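What follows is a single structure, written as structure tokens, with notes after it.
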Amino acid sequence: MTDIKELLLSRIRDVSDYPEPGVMFKDITPLLADPAAFTALTDALAEIAGRTGATKIVGLEARGFILGAPVAVRAGVGFIPVRKAGKLPGATLRQAYDLEYGSAEIEVHAEDLTGGDRVLVVDDVLATGGTAEASLELIRRAGAQVAGVAVLMELVFLNGRARLEPALDGAPLEALLTV
């Protein structure tokens, strides 16, 4: 696992003062552009999907789509996008959640998840945990089980894990990298 961590870290670029002054943005586009690194990431996340018994992958808008879809293909399970409110046609379930300054809403197609599904949430970063927490609520409201959450990196200084653990209700939270 040390080799994959080194490979992934070597392909993540720090961008100072983005999107605002004082923020150090972790840019994963160099990782996505490197086929060996992207494949290693996809394989590692697909292994987590298999280990958790996931039958579906939920990807959180927008980078969770980029990571979650190939993980679902590699793991041989379905992929479900969780979108910002108003982006999905048809019947949806909607969940509001708090941001640092305000609130937001996410949605999922109600019919895409069933009582027999075990769902792994995949995203690029666990920051404050608000979006992931809201997605877990959506999964349960749709009648499915939470298999866990898997992310490329966890920003530990933002304490998202502490916020997310009650909502996980014993399901695993796995971060390939912690920064």
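Computed from a prediction, not measured in an experiment: that's the story for all the values here.
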Flag the pair [X] / [Y] as yes when at least one side-chain heavy-atom distance between them is below 4.5 Å, and no otherwise.
X	Y	answer
Asp123	Thr131	no
Ile57	Ile80	no
Ile66	Phe38	yes
Leu155	Leu126	no

Is there any side-chain hydrogen bond (donor to acceptor under 3.5 Å, both in side chains) pair reaching into [range], and which pairs are they, with sequence neighbours excluded?
range	answer
residues 135-147	Gln95-Arg141
residues 73-87	Asp43-Arg74, Glu61-Arg83
residues 153-167	Glu133-Arg163, Glu154-Arg161

With Glu105 via salt bridge (Lys or Arg N to Asp or Glu O under 4.0 Å) - residues at least two apart: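 For Glu105 the salt bridge (Lys or Arg N to Asp or Glu O under 4.0 Å) partners, ignoring immediate neighbours, are Arg94.
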Residues which pass salt bridge (Lys or Arg N to Asp or Glu O under 4.0 Å) with Asp17, listed by chain and number, not counting sequence neighbours: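 Per chain and number, Asp17 pairs via salt bridge (Lys or Arg N to Asp or Glu O under 4.0 Å) with no residue.
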Which atoms form the tightest heavy-atom contact between [X] and [Y], and what is the distance?
X	Y	result
Val119	Ala144	CG2-CB, 3.9 Å
Ala75	Ala49	CB-CB, 4.0 Å
Ile106	Ala134	CD1-CB, 3.6 Å
Glu107	Thr92	OE2-OG1, 3.3 Å
Arg11	Ala37	CG-CB, 3.8 Å
Ala72	Gly78	CB-O, 3.8 Å

Tell me whether [Y] is reachable from [X] by hopping between hydrophobic residues (I, L, V, M, F, W, Y) whose side-chain heavy atoms are closer than 4.5 Å.
X	Y	value
Leu113	Leu88	no
Val73	Leu45	no
Val146	Tyr97	yes
Leu7	Leu177	no
Val179	Leu8	yes

Check: Thr39 side chain, Ala36 main-chain N or O, donor-acceptor pair, under 3.5 Å: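 Answer holds: no.
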Results of side-chain hydrogen bond (donor to acceptor under 3.5 Å, both in side chains) for Asp169 - residues two or more places apart only: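 Expected list: none.
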Test side-chain hydrogen bond (donor to acceptor under 3.5 Å, both in side chains) applied to Glu47 - qualifying residues, sequence neighbours left out: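 Glu47: side-chain hydrogen bond (donor to acceptor under 3.5 Å, both in side chains) contacts with Arg51.
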CG on Leu93 to CG on Leu138, rounded to 0.5 Å: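 These two atoms lie 6.0 Å from each other.
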Separation between CG of Leu41 and CD1 of Ile4, rounded to the nearest 0.5 Å: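 Answer for the CG-CD1 pair, Leu41 versus Ile4, is 6.5 Å.
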Member of Val71, Val149, Leu176, Val151 meeting the side-chain contact (heavy atoms from CB on, under 4.5 Å) criterion with Ile48: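 Exactly one candidate clears the test, Leu176.
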Would you please name every residue forming a side-chain contact (heavy atoms from CB on, under 4.5 Å) with [X], sequence neighbours left out?
X	value
Asp124	Ile28, Arg63, Leu67
Ala69	Phe79
Val15	Arg13, Tyr18, Phe25, Asp27
Thr55	Asp117, Arg118

Fellow cluster residues of Val23, listed by chain then number, with links counted only when side-chain atoms sit under 4.5 Å apart: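 Cluster partners of Val23: none, it stands alone.
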Check against side chain to side chain contact (heavy atoms under 4.5 Å, CB included), Ile139 and Val121: CA-CA 9 Å; Ile139 291 163; Val121 175; 3.5 Å; yes
